[in-house]
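Only one structure is covered here, and it is reproduced in the block below.
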Amino acid sequence: MYSETLAAAKELNNQSNLLGVTLLGLPPEDAMYPGPNQYGDGNDYYSIFSYGDKACITEVEVSSPEANIYGIAPGDEAASIETILISQGYSLVSDDLSGEKDTIFYQKYHISIQLTVPRDSSDLDTAVITRIAIVVRDPDDVGAVF
């Protein structure tokens, strides 16, 4: 599943604006390992962990409205996310907006996309995305959780 994940990450990078960061790309020379490393408007972060046999950017979190994942940006209503992410091959893992949870999770291979909405959002159609996180976990990594 490593090759599929690498291809999916390349596709995500090509169809998204991560503000100059490349998912599964090499980190800048001055980056902190494992991170987090602040970038963008100061509210965006990336972290470096191992995937396969290299240290690379495996986590990206953005809240800047200039950033997007497949056209989905912080500040957008969550109503269209399912159609967009399902069309990209992602599966819905969880969208429980019961007041205790505020994150909607999608998964494709080793990539998860986490969309954060305000805790008081009870309806996915009217919820506004405040933060987007993309996380790649290596299942062979001892600390990996799926």
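We number each residue from 1, following the sequence as shown. Below, each value reflects all heavy atoms present in this structure, side chains not excepted, and no hydrogens, waters or symmetry copies.
In this structure, the side chain of Asp44 engages the main chain of Ser63 through a donor-acceptor pair within 3.5 Å. Glu82 places no side-chain N or O within donor-acceptor distance of the main-chain N or O of Ile84, the cut-off being under 3.5 Å. Put simply, the side chain of Lys108 gets close to the backbone of Gln88: a donor and an acceptor are under 3.5 Å apart. Between the Ser16 side chain and the Tyr70 main chain, a donor and an acceptor come within less than 3.5 Å of each other. Judged purely by atom type and a 3.5 angstrom limit, Asp138 uses its side chain to pair as donor or acceptor with the backbone of Gly52. Looking only at distances, a side-chain donor or acceptor of Asp76 sits under 3.5 Å from a matching main-chain atom of Ala73. In terms of modelled atom types and a separation under 3.5 Å, the side chain of Ser94 and the main chain of Phe105 share no donor-acceptor contact. Between the side chain of Asn43 and the main chain of Val62, no donor-acceptor pair closer than 3.5 Å is present.
Connection of Leu24 to Met32 is not established within any shared hydrophobic cluster, with ILVMFWY side chains joined at heavy-atom distances below 4.5 Å, either directly or through further cluster members. Under the 4.5 Å side-chain heavy-atom criterion for Ile, Leu, Val, Met, Phe, Trp and Tyr, Val117 and Leu115 are members of the same hydrophobic cluster. Residues Ile113 and Leu92 share a single hydrophobic cluster, defined by chaining ILVMFWY side chains whose heavy atoms lie under 4.5 Å apart. Cluster membership check: Leu6 shares its hydrophobic cluster with Tyr90, using side-chain heavy-atom separations under 4.5 Å among Ile, Leu, Val, Met, Phe, Trp and Tyr. At a threshold of 4.5 Å between side-chain heavy atoms, the hydrophobic network of Ile, Leu, Val, Met, Phe, Trp and Tyr places Ile48 and Val21 in one connected group.
At least one side-chain heavy atom of Thr130 sits under 4.5 Å from a side-chain heavy atom of Pro118. Residues Ile72 and Ile132 meet the side-chain proximity criterion, which asks for heavy atoms closer than 4.5 Å. Residues Ile104 and Ile81 form a side-chain contact, since some pair of their non-hydrogen atoms from C-beta on lies under 4.5 Å apart. Between Ile111 and Tyr106 the shortest side-chain heavy-atom distance does not fall below 4.5 Å. Counting only heavy atoms from C-beta outward, the side chains of Leu19 and Glu66 approach each other to under 4.5 Å. Residues Ile69 and Ile134 form a side-chain contact, since some pair of their non-hydrogen atoms from C-beta on lies under 4.5 Å apart. For the pair Ile57/Val136, no side-chain contact is recorded, criterion being any heavy-atom separation below 4.5 Å from C-beta on.
For Tyr39 and Tyr45, the distance between ring centers is not under 6.0 angstrom.
Between Tyr2 and His110, the ring-plane angle classifies as perpendicular under the 30° and 60° cut-offs.
Here the shortest heavy-atom pairing between Pro27 and Cys56 reads CD-CA, 4.1 Å. Summarising the geometry of Pro74 relative to Ala67, their closest heavy-atom pair is CD-O, 3.5 Å, with the distance given to 0.1 Å. For the residue pair Tyr51 and Met1, the shortest heavy atom distance occurs at OH-O, 4.3 Å. Here the closest heavy-atom approach between residue Glu77 and residue Ile129 is recorded as O-CD1, 4.4 Å.
More than 12 heavy atoms of other residues, nucleotides or ligands sit less than 6.0 Å from atom CG of Asn14.
In this model, no donor atom of one side chain and acceptor atom of the other lie less than 3.5 Å apart for Thr22 and Asn13.
We find the CG-CD distance between Asp102 and Gln114 to be 10.5 Å, quoted to the nearest 0.5 Å.
Remark: Arg137 is positioned above the aromatic ring of Phe49, its terminal NZ or CZ atom under 6.0 angstrom from the ring centre and at most 45 degrees off the axis.
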